[in-house]
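Below you'll find the structure, written out as structure tokens, and then a few comments.
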Number of protein chains: 4
Amino acid sequence: MKKNKPKYRQIIDAAVIVIAENGYHQAQVSKIAKQAGVADGTIYLYFRNKEDILISLFQEKMGNFIEIIEGKIAGKTTAVEKLLMLVESHLEWVAEDQHLAIVTQLELRQSNKELRQKINGVLKGYLKLIDKIVIEGIETKEFRSDLNVRLARQMIFGTIDETVTTWVMRDTKFNLLELAEPMHRMLVNGCGYQTTNN
Amino acid sequence: MKKNKPKYRQIIDAAVIVIAENGYHQAQVSKIAKQAGVADGTIYLYFRNKEDILISLFQEKMGNFIEIIEGKIAGKTTAVEKLLMLVESHLEWVAEDQHLAIVTQLELRQSNKELRQKINGVLKGYLKLIDKIVIEGIETKEFRSDLNVRLARQMIFGTIDETVTTWVMRDTKFNLLELAEPMHRMLVNGCGYQTTNN
Amino acid sequence: MKKNKPKYRQIIDAAVIVIAENGYHQAQVSKIAKQAGVADGTIYLYFRNKEDILISLFQEKMGNFIEIIEGKIAGKTTAVEKLLMLVESHLEWVAEDQHLAIVTQLELRQSNKELRQKINGVLKGYLKLIDKIVIEGIETKEFRSDLNVRLARQMIFGTIDETVTTWVMRDTKFNLLELAEPMHRMLVNGCGYQTTNN
Amino acid sequence: MKKNKPKYRQIIDAAVIVIAENGYHQAQVSKIAKQAGVADGTIYLYFRNKEDILISLFQEKMGNFIEIIEGKIAGKTTAVEKLLMLVESHLEWVAEDQHLAIVTQLELRQSNKELRQKINGVLKGYLKLIDKIVIEGIETKEFRSDLNVRLARQMIFGTIDETVTTWVMRDTKFNLLELAEPMHRMLVNGCGYQTTNN
DNA sequence: AATGAATGAGTATTCATTCAT
DNA sequence: TATGAATGAATACTCATTCAT
């Protein structure tokens, strides 16, 4: 199993750094190899081609992230709490590894359609996680019974993603985690009952 | 003023078609020229370079869209009504011209960081429009007084954008406009007061 | 028609020189372009790819040679005379342009199977020419009636080809044309009646 | 002596199979090693480099073939009979081991000039054998006294080689051995006296 | 003797842009 | 204005060979 050999992770981590620092289109295989401390050809002992590095990168990192969140959420009892945990974890994840954030939020989105579709495949796991929380919230009556699940998920993911992307692109970084609580309140309100204060 | 000459729009419209049909990375200048019915070199009498075509495309189309929305919103009295108008207009705009939707939602996002930043510059006008509605809503007490304006805008834009992107990528197209009302309710709720039904 | 433009022939002639002097595997496109006095990219305005250069080269040169021989043969009345003309012309053709001889006899034979098959397609025209002479010789009773046409053609072509290849590979070049007459006598004898002097 | 160790032949036989089935340019050392059931590095304990495998292959197989023919010829008294034996043996050899025929007739000829010259060195032994028969034929007056020995050898070898190559390339295989007799008659005629039936 | 992971040199092709006409 | 032939920089991937074990 190639994935368990140290050079597999070594190359993926090198790719994250090279892409974050040089941009997607300037991340040549030779640069990644150099950063990883291996020969160009060694890359191809662990990955089929360049695209395979990028997909594997996304799978490893995002997949890992989804697992962590699933674990954290399991400990929470209400959908509202679970949603807070998801928002906090997501923002924390982004703030912790800015190289990775740049790669997933900005650079990897420049890839061609084929690669983006494979990336979307990985993302689906995350979106299903959100769906589960929304559905649970409806069942427990924390959320409106007439809530459109897909729309709610698009609100939750869209809000987080837009916020994170804006933050990653900013030059001056503020504390992203502080946004978790107000963002969570907005999203829960969005899924809740009353419309205005009238 | 080059922008008023017929070939200027001719080339931009050709670019929309070529990018929508071939994808961003297969939209060569020569293809756009052919579609526009001009010689390759002629492109450079109207645009500085390829990037300039794409930015101009976005400016023309998005700028036009913003103007239309501004007009429509002016006729509404409350922030809630204005937000509904914005959501409806946005979804309508996307549903009306699918070529353009593909280009702005999917293809143009594959461009490099530099181009994307310029595109974001154009988008700022739209985001400011949203900000104005949110601020007005707070002032009229339609929205919470402690609402984080930037966060609210990111929710509104993020939700619309994520929804539209998902819709554009789908093979089977449902009626996008039907989502305006429930999406609007979610967003207004998100900006409003009460959290849950407890 | 690209084939009539001067650069088309210019590139083919450059390819002959570069391949003859550097060998098939050291004949990079950039070298051919430099020899032709054009930019690398210009090659691709006239040829689909590198293989297309080589096929076109063979078609142009060999096709041209076949036409010339056909013309010369038309003036001869007997199959025996026609065969002499063919042998003489072939040897003359090889001796005249040694660069081309190296390319067709040695270098182009190193190409991959796909290219060789296309080259064989061009060669078929030449082999059919030989067949026609053999058949005519049989009909005029210059040759044996029980002569196997394909075998006779293989003897004629094989003998010429083996002789020419040996000559091209030799460092010291003797007068190739002097071999025409004795080679012709051998071939005519081979197609004729008596076996030995017993 | 490496040549007597079992793995030496094992690797050569593997090379014949791999080249015949994959073609010269797809016959990587690693494939040959796998087919031979040894590690890549082991190849280099028995051969200096890849070229050395191919030369050794040709030497072993062709050398073996020459020895066999020499034995068979020794039992014949006239040059004409010896030539028949040579032609028959050659065609039989090709028809018997089609893998080997593909390798020697088609694939090995794609090698570079340097390797082909070394192969020609091995072939010299066979060509000398032909020369001996021709010279004997002249001395015994079976053949013309003014016969050019080199030319006669080129006819004999060229005819057989061209015939065999054509046969190997054909998809539908006919009985090659049936060509021995008519081919022999043609060649003997070619070396003989009379030109035509006049 | 045997292994096999690691090495790293080498090249065809595309396409945005120019400029002589 | 308009043309379009010509330019030339830039990069992923293969595979023969090595050498530490």
Side-chain angles (χ1 to χ4, degrees), chain A residues 2 5-8 10-11 25-34 36-54, chain B residues 2 5-7 11 25-34 36-54, chain C residues 2 5-8 11 25-34 36-54, chain D residues 2 5-8 11 25-34 36-54:
Chain A
K2 302 252 175 192
K5 300 205 179 169
K7 287 196 177 160
Y8 178 82
Q10 206 171 313
I11 291 165
H25 290 293
Q26 280 306 305
Q28 295 88 349
V29 171
S30 59
K31 242 179 220 164
I32 295 173
K34 197 172 184 183
V38 300
D40 291 18
T42 305
I43 299 269
Y44 293 88
L45 296 176
Y46 295 90
F47 300 91
R48 273 188 302 282
N49 49 39
K50 187 180 176 179
E51 192 183 69
D52 190 30
I53 306 176
L54 306 178
Chain B
K2 303 250 175 187
K5 304 217 174 164
K7 285 194 179 165
I11 292 167
H25 291 291
Q26 280 307 306
Q28 293 89 350
V29 171
S30 60
K31 243 181 218 162
I32 296 172
K34 197 174 185 183
V38 300
D40 292 17
T42 305
I43 298 270
Y44 291 87
L45 298 174
Y46 295 90
F47 300 90
R48 275 190 301 282
N49 49 39
K50 186 181 179 180
E51 192 181 74
D52 191 28
I53 307 175
L54 305 177
Chain C
K2 303 252 174 190
K5 301 206 178 169
K7 287 195 178 161
Y8 178 83
I11 291 166
H25 290 292
Q26 280 305 305
Q28 293 89 349
V29 171
S30 60
K31 243 181 217 162
I32 295 172
K34 198 172 183 181
V38 300
D40 292 17
T42 305
I43 299 270
Y44 293 87
L45 296 176
Y46 295 89
F47 301 91
R48 273 189 301 283
N49 48 40
K50 187 178 178 181
E51 191 182 72
D52 190 30
I53 306 176
L54 305 177
Chain D
K2 303 253 175 186
K5 304 217 174 163
K7 285 192 180 166
Y8 177 81
I11 291 166
H25 290 292
Q26 281 306 307
Q28 293 88 350
V29 171
S30 60
K31 245 181 216 161
I32 296 172
K34 198 173 182 182
V38 300
D40 292 16
T42 305
I43 298 270
Y44 292 86
L45 298 175
Y46 295 88
F47 300 91
R48 273 189 303 282
N49 48 38
K50 187 181 179 180
E51 193 180 72
D52 190 30
I53 307 175
L54 305 177

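In what follows, every heavy atom counts, from backbone to side chain, and hydrogens, waters and symmetry copies are set aside. Proteins come first, then strands; the chains are lettered A, B, ... in the order of their sequence lines, and each starts at number 1.
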Inset, instruction - Select base, sugar-phosphate, or nothing to describe what A/Gln26 touches, counting heavy atoms under 4.0 Å on all strands. - result: sugar-phosphate
Legend entry - Those residues of residues 40-50 of chain C lying under 4.0 Å from DNA chain E by at least one heavy atom: C/Asp40, C/Gly41, C/Tyr44, C/Asn49, C/Lys50
Legend entry - Out of F/dG8, E/dA12, E/dT7, whichever nucleotide has its closest atom nearest the side chain of C/Gln28: E/dA12
Inset, instruction - Would you kindly give the NE2-to-C1' distance between B/His25 and E/dA16, to the nearest whole Å? - result: 15 Å
Inset, instruction - Any chance you could measure A/Glu51, atom CD, to A/Ile53, atom CD1, to the nearest 0.5 Å? - result: 10.5 Å
Inset, instruction - Select one nucleotide: of E/dA16, E/dC15, F/dA16, the one nearest the side-chain heavy atoms of B/Val29. - result: E/dA16
Inset, instruction - State the dot-bracket string of DNA chain E. Criteria: Watson-Crick or G-U wobble, both atom distances under 3.5 angstrom; notation: ( ) intrastrand, [ ] crossing earlier pairs, | interstrand, . unpaired. - result: .||||||||||||||||||||
Inset, instruction - For B/Gln26 and B/Gln28, work out which heavy atoms get closest and say how close. - result: O-OE1, 2.6 Å
Legend entry - Heavy-atom pair of closest approach, residues A/Ala27 and A/Ile32: O-CD1, 4.1 Å
Legend entry - Under 4.0 angstrom between A/Lys7 side-chain N/O and E/dA6 OP1 or OP2: yes
Legend entry - Minimum-distance pair of heavy atoms, taken over all atoms of C/Val29 and C/Tyr44: CG2-OH, 3.8 Å
Inset, instruction - Please report, rounded to the nearest Å, how far the P atom of F/dC13 is from the CD1 atom of A/Ile53. - result: 8 Å
Legend entry - Spacing between D/Lys34 atom NZ and E/dG4 atom P, to the nearest angstrom: 12 Å
Legend entry - Integer-rounded Å distance: F/dG8 P and C/Lys31 NZ: 19 Å
Inset, instruction - Measure the spacing between CD1 of C/Ile43 and OH of C/Tyr8 and express it to the nearest 0.5 Å. - result: 12.0 Å
Inset, instruction - Tell me which of A/Val38 and C/Glu51 sits closer to the 5' end of DNA chain E, going by the nucleotide each one is nearest to. - result: A/Val38
